[in-house]
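As the structure is a computational prediction, the values presented were derived from the model and not from experiment. Just the heavy atoms: all of them, side chains too, but no hydrogens, waters or symmetry mates, feed the values below.
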Amino acid sequence: MGHLDHAALGWLTPALSYAMACTGAALGLRCTVRALAATGRTRRNWLLTAASAIGTGIWTMHFVAMLGFRVSGTDIRYDVPLTLVSLLVAVTVVCAGVFAVGYGRNRVRALLLGGLTTGFGVASMHYLGMAAVRLHGEVSYDPVRVGLSVLIAVAAATAALWAALNTESPLAVTLASLIMGAAVSSMHYTGMFAVSVRVTPSGEALPGATAMQFIFPLAVGLGSYLFLTSAFVALSPTAGERGASASARQQPAGSAAP
C-alpha cells in the first residue's frame with residue numbers, strides 16, 4: 001500500500017483551498033441575495049453569476065488541495081478532459097440548485113430539492129476529479145467514508161442555499177461563507193481519507209498532465225475570476241440603491257424640502 005500524504009506542502013494547500021471555498025461561497029451568496037431582490041433577466045444573470053462563483057470556488061478548492069496530494073512510490077498525473085468535465089459538473093449542478101431557490105414558489109421544497117441536487121453534484125465533482133487521477137497502482141475507497149462525504153456535501157449545499165434565502169447583511173453573508181467553506185473542505189478531506197492506493201511500481205510514463213502543468217494554472221485563472229467578480233459585485237449598486245437613484249432623478253427640480 002502506498003503512503004498517502006494529503007498535505008505534502010504543509011498547511012499552504014489546506015489554508016489556500018479553504019480561502020478559495022469561502023471566497024466562492026461569499027460571492028455566490030451575495031449574488032443570490034441580489035438575485036432575489038431583482039426580476040426578469042437581472043435575476044437570471046445574478047443567479048448565473050452566483051452559480052459560476054460557487055461552482056468555481058468548490059472546484060478550485062478541490063484541486064488546490066490536490067496540489068498537496070502525494071502517494072509514495074508513484075508519480076501522479078491528471079486526465080485533462082475528465083478534469084474539465086468535473087468543473088462543468090460543479091457549475092451545472094450548482095446552477096440547478098440556485099435556480100431552484102431563485103424561482104421556486106415553495107421555499108421549503110425548493111431548498112430541499114436544490115440542496116440534494118447541489119450536494120450530490122458537488123460529491124460527483126469530487127469523485128470525477130479523483131477519477132481523473134492517473135498513477136501506478138489501483139485506487140480503492142472506503143464506502144462508509146464515501147457515504148459520509150456525500151452526506152456532508154448535501155448538508156453543506158442545503159445550508160448554503162438556506163443562507164442565500166435568509167441572510168442579507170454583509171456580516172451574515174461573511175459568517176455563512178466561512179461555515180460553508182469549512183463544510184466544503186470537510187467534505188473534500190473526508191472523501192480523501194476514504195482513499196487507499198495499492199502501488200504497482202512501473203517505469204512506464206503516466207498519461208496526462210502534472211498538477212503544476214495543468215491544475216495550478218487553471219486554479220490561478222479561476223481564482224482570479226473569483227476575485228475580479230467579487231470586486232465587480234462589491235462596486236455594483238444594490239436594487240435599493242438603484243431605486244433611490246432613479247427616484248432622485250425623477251424628483252422635479254426645486255421640489256426638495258428646504
Side-chain angles (χ1 to χ4, degrees), residues 1-22 24 55-90 93 119-154 156 181-223:
M1 300 293 286
H3 171 70
L4 277 62
D5 188 347
H6 299 286
L9 301 178
W11 284 100
L12 176 63
T13 49
L16 186 56
S17 63
Y18 173 67
M20 298 309 301
C22 291
T56 297
I58 292 171
W59 186 94
T60 306
M61 176 272 144
H62 171 79
F63 281 101
V64 167
M66 290 299 291
L67 292 174
F69 179 63
R70 301 286 188 274
V71 180
S72 62
T74 178
D75 293 330
I76 296 176
R77 299 288 187 274
Y78 293 88
D79 182 297
V80 174
L82 193 54
T83 302
L84 293 176
V85 168
S86 71
L87 172 60
L88 181 61
V89 167
V93 297
F120 280 115
V122 168
S124 299
M125 179 280 300
H126 174 88
Y127 289 105
L128 271 174
M130 290 304 299
V133 172
R134 299 290 178 262
L135 47 74
H136 293 302
E138 180 181 349
V139 179
S140 58
Y141 295 90
D142 180 333
V144 174
R145 292 179 180 176
V146 169
L148 180 58
S149 71
V150 174
L151 288 177
I152 293 173
V154 171
V184 172
S185 296
S186 297
M187 180 276 295
H188 170 83
Y189 284 106
T190 300
M192 293 307 297
F193 287 133
V195 175
S196 59
V197 178
R198 184 178 297 278
V199 175
T200 305
S202 172
E204 294 184 5
L206 289 165
T210 67
M212 287 299 176
Q213 288 173 336
F214 172 62
I215 302 299
F216 180 71
L218 186 56
V220 169
L222 294 175

For [X] versus [Y], what's the shortest heavy-atom pair and its separation?
X	Y	value
A156	A183	CB-CB, 3.5 Å
A209	V80	CB-CG2, 4.0 Å
L67	A211	CD2-CB, 3.5 Å
T83	A132	OG1-CB, 3.4 Å
V93	G121	CG2-CA, 3.5 Å

Can you find a heavy atom in the side chain of [X] that is under 4.5 Å from one in the side chain of [Y]?
X	Y	value
F69	I76	yes
H188	S17	no
I152	Y189	no
Y18	M61	no
L135	D75	no

At what distance, to the nearest 0.5 angstrom, does [atom1] of [X] lie from [atom2] of [Y]?
X	Y	atom1	atom2	answer
T74	R134	OG1	CZ	12.5 Å
L151	T190	CG	OG1	10.5 Å
L87	L128	CG	CG	11.5 Å
E138	S140	CD	OG	6.5 Å
H62	M130	NE2	CE	6.5 Å
L206	H136	CG	NE2	3.5 Å

Do the side chain of H126 and the main chain of S86 share a donor and acceptor less than 3.5 angstrom apart? no
Can you give me every donor-acceptor pair (side chain of residues 1-16, partner residue at least two apart or in another chain, under 3.5 Å) with its distance?
unit_1	atom_1	unit_2	atom_2	d
D5	OD1	A7	N	3.0
D5	OD1	A8	N	3.4

Only distances under 3.5 Å count here; give the side-chain donor-acceptor pairs of residues 212-223 to other protein atoms, sequence neighbours excluded, each with its distance to 0.1 Å.
unit_1	atom_1	unit_2	atom_2	d
Q213	OE1	T210	N	3.0
Q213	OE1	T210	OG1	3.3

Does Y127 have any side-chain hydrogen bond (donor to acceptor under 3.5 Å, both in side chains) partners at least two apart in sequence or in another chain, and if so, which?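 Partners of Y127 by the side-chain hydrogen bond (donor to acceptor under 3.5 Å, both in side chains) criterion, ordered by chain and then number, come out as S149.
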